Chemist: 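Have a look at the structure that comes next, please.
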Amino acid sequence: MYADDVIFSESVDELKKMLDTLYVYSTDWDLTVNVEKTKAAIFPNGGKIKSNEKWNLNGHPLEIKDKFVYLVVLLNFNGK
């Protein structure tokens with residue numbers, strides 16, 4: 001079976017907790033998250049992504065994207 005889900009958060013800390021919860025849940029249920037296909041899209045209020053913001057899932061770094069399509073809607077970060 002396969003799943004294709006999105007996690008939304010309004011804060012850095014909340015998103016990090018959600019990623020940790022995803023890892024624990026997938027481990028408990030013997031599920032595998034393909035970290036090669038897992039991406040992060042950040043839409044900061046201040047206009048720029050902070051250089052020290054790194055996103056990972058179980059120690060595997062996630063690629064940061066500036067846009068993605070979710071339910072046929074293009075979400076795009078343009079700094080404004």
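As the structure is a prediction and not an experimental result, all values here were calculated from the model.
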Chemist: Indicate the atoms forming the closest heavy-atom contact of Asn56 with Leu62, along with that distance.
Modeler: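 Nearest heavy atoms, Asn56 then Leu62: CA-CG, 3.9 Å.
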Chemist: Supply the atom-to-atom distance Leu19 CG to Thr38 OG1, rounded to the nearest 0.5 angstrom.
Modeler: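 Rounded to the nearest 0.5 Å, the CG-OG1 separation comes out at 9.0 Å.
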Chemist: In terms of hydrophobic clustering (I, L, V, M, F, W, Y; side-chain heavy atoms under 4.5 Å; direct or indirect links), are Tyr25 and Val35 co-clustered?
Modeler: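 As far as the 4.5 Å side-chain criterion goes, Val35 and Tyr25 are not connected within one cluster.
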Chemist: Roughly how far, to the nearest 0.5 Å, is OH of Tyr23 from CG of Leu31?
Modeler: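 With rounding to 0.5 Å, CG (Leu31) is 12.5 Å from OH (Tyr23).
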Chemist: Measuring from Asp20:CG to Leu15:CG, what's the distance to the nearest 0.5 Å?
Modeler: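 With rounding to 0.5 Å, CG (Asp20) is 9.5 Å from CG (Leu15).
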Chemist: Could you tell me whether Lys39 atom NZ has more than 12 heavy atoms of other residues or ligands within 6.0 Å of it?
Modeler: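 Enclosed: over 12 neighbouring heavy atoms sit under 6.0 Å from NZ of Lys39.
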